[in-house]
Amino acid sequence: MAAAVPAERDAVARAFPEASGRVTHRPGIALHHAGDGYDLLAAGVGPALAAASVSAALTAAVLEDAPYGLVVSAGIAGGFQPEAPVGSLVVADVITAADLGAESADGFLPVTELGFGTVTHHPPKSLVRTAATATGARTGAVLTVSTVTGTAARAAALRARHPRALAEAMEGFGVAEAAAAHGTAVLEIRAVSNPVGPRDRAAWRIGEALAALTTAFGKLAPALESWNRHDQ
Ligand SMILES: O=C(O)c1cccc(C(=O)CC[C@H]2O[C@@H](n3cnc4c(=O)[nH]cnc43)[C@H](O)[C@@H]2O)c1
């Protein structure tokens with residue numbers, strides 16, 4: 001599981017009360033072992049550091065002959081209103097880099113329209129279903145942005161480009177790129193701490209979202225045990 005910051009990682013860790021608290025250091029990362037085969041990583045804020053950290057974890061695991069079967073990007077997020085209210089959970093059926101591209105007179109052009117790379121990753125459908133059923137999360141697109149939305153105009157523009165967007169956060173696409181490079185399945189689950197829209201940091205309900213994340217992982221971890229990645 002890759003969160004951005006230690007507070008998010010520790011919220012997930014609270015869903016594993018029997019965990020030893022053992023920490024393994026590998027180049028560039030610290031892996032907190034939660035038991036049941038889960039390692040928890042504070043991968044950093046933003047898609048670039050998240051990708052670098054997750055890639056380091058995946059590579060270290062392969063070199064130790066214990067490759068991961070799944071990477072989960074998890075944390076708090078902004079929720080598009082009214083579909084994703086504060087305190088609710090969102091599981092991504094599409095992980096999209098929303099600001100990876102170029103501006104033009106005709107509007108935003110994703111890098112794919114410039115002839116490069118990708119802007120979307122699709123977690124396995126059966127995994128999304130399993131996670132959403134277990135946690136009660138809504139499913140939809142989760143956007144990855146490098147700039148937190150701070151105006152109603154920007155929120156509206158993102159929704160116009162991504163009508164299925166339920167949430168925005170800053171790491172999912174980076175985590176998914178690293179997972180894809182290693183041929184590992186990815187899932188993104190987010191607890192909504194604030195509405196996407198005019199910046200009002202004082203209104204972020206971080207404690208409520210972190211508690212929702214703990215509850216979600218308490219249900220998600222056992223559900224993932226039975227998930228079969230070939231049943232997509
Ligand atoms: O200040 C704290 O106590 C605290 C505890 C946990 C997390 C934080 C963060 O600031 C996490 C940053 C992280 O959250 C995601 N996020 C949350 N809301 C949004 C949003 O509206 N737009 C984009 N990203 C959002 C994001 O993934 C950040 O990395 C603080």
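Along the sequence shown, residues carry numbers from 1. We count ligands from 1, going down the list as the structure has it; atoms in each ligand are counted the same way.
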Next on the checklist: At less than 4.0 angstrom from any non-hydrogen atom of Ile206, what atoms of ligand 1 do you find?
Outcome noted: 1 (O), 2 (C), 4 (C), 5 (C), 6 (C), 30 (C)
Next on the checklist: Counting C-beta onward and ignoring hydrogens, is there a side-chain heavy-atom pair between Arg14 and Leu213 closer than 4.5 Å?
Outcome noted: no
Checklist entry - So do Pro195 and Val86 actually touch side chain to side chain, heavy atoms under 4.5 Å? => result yes
Checklist entry - Does CD belonging to Glu18 count more than 12 external heavy atoms closer than 6.0 Å? => result no
Checklist entry - Can you find a non-hydrogen atom of Gly75 under 4.0 Å from ligand 1? => result no
Checklist entry - Would you say atom 12 (C) of ligand 1 has a protein heavy atom nearer than 4.0 Å? => result no
Item to check | Ligand-side contact atoms (ligand 1) for residue partner Ala169, heavy atom cut-off under 4.0 Å | outcome: 23 (C), 24 (N), 27 (O)
Checklist entry - In this structure, which one of Val71, Val54, Leu58 forms a side chain to side chain contact (heavy atoms under 4.5 Å, CB included) with His182? => result Leu58
Item to check | Per-atom contacts of ligand 1 with Arg190, taking only distances under 4.0 Å to non-hydrogen atoms | outcome: 27 (O)
Item to check | Atoms in ligand 1 flagged as close to Ala7, the criterion being non-hydrogen separation under 4.0 Å | outcome: 5 (C), 6 (C)
Next on the checklist: Please report whether ligand 1 has a polar contact with Leu210, defined as an N or O pair separated by less than 3.5 Å (distance criterion only).
Outcome noted: no
Item to check | CG on Asp39 to NE2 on His32, rounded to 0.5 Å | outcome: 10.0 Å
Checklist entry - Numbering the atoms of ligand 1 from 1, which are under 4.0 Å from a heavy atom of Trp204? => result 17 (C), 18 (N), 19 (C)
Next on the checklist: Using the rule that Ile, Leu, Val, Met, Phe, Trp and Tyr join whenever any side-chain heavy atoms are under 4.5 Å apart, tell me whether Leu49 and Met170 fall into a single cluster.
Outcome noted: no
Checklist entry - Would you find more than 12 non-hydrogen atoms of other residues, nucleotides or ligands less than 6.0 Å from Glu225 atom CD? => result yes
Checklist outcome for this item: In this structure, atom 10 (O) of ligand 1 is nearest to the protein heavy atom Arg201 NH2, 3.6 Å
Checklist entry - Nearest protein heavy-atom contact for atom 22 (N) of ligand 1: which residue, which atom, what distance? => result Glu168 OE2, 2.6 Å
Next on the checklist: Starting from Val119, can I reach Leu114 by hopping between I/L/V/M/F/W/Y residues whose side chains sit under 4.5 Å apart?
Outcome noted: yes
Checklist outcome for this item: Per-atom filter on ligand 1: closer than 4.0 angstrom to a heavy atom of Ala4 are 29 (O)
Item to check | 4.0 Å heavy-atom contact, Ile76 with ligand 1 | outcome: yes
Checklist outcome for this item: Closest to atom 27 (O) of ligand 1 among protein heavy atoms sits Glu171 OE1, 2.6 Å
Checklist entry - Between Arg159 and Glu83, is there a side-chain N and carboxylate O pair less than 4.0 Å apart? => result yes
Checklist outcome for this item: Closest non-hydrogen atoms of Ala141 and Asp93, given as atom of the first, atom of the second and distance, are N-OD1, 3.6 Å
Item to check | For Asn194, atoms of ligand 1 separated by under 4.0 Å from a heavy atom | outcome: 17 (C), 18 (N), 19 (C), 20 (C), 21 (O)
Next on the checklist: As an exercise, identify every atom of ligand 1 less than 4.0 angstrom from a heavy atom of Val45.
Outcome noted: 29 (O)
Checklist entry - Contact between Arg9 and ligand 1, counting heavy atoms under 4.0 Å? => result no
Checklist entry - Is the backbone of Ile76 close enough, under 3.5 Å, to the side chain of Arg190 for a donor and an acceptor to pair up by distance? => result yes
Next on the checklist: Considering non-hydrogen atoms of the protein only, which is the closest contact for atom 19 (C) of ligand 1, and what is the distance?
Outcome noted: Gly78 N, 3.3 Å
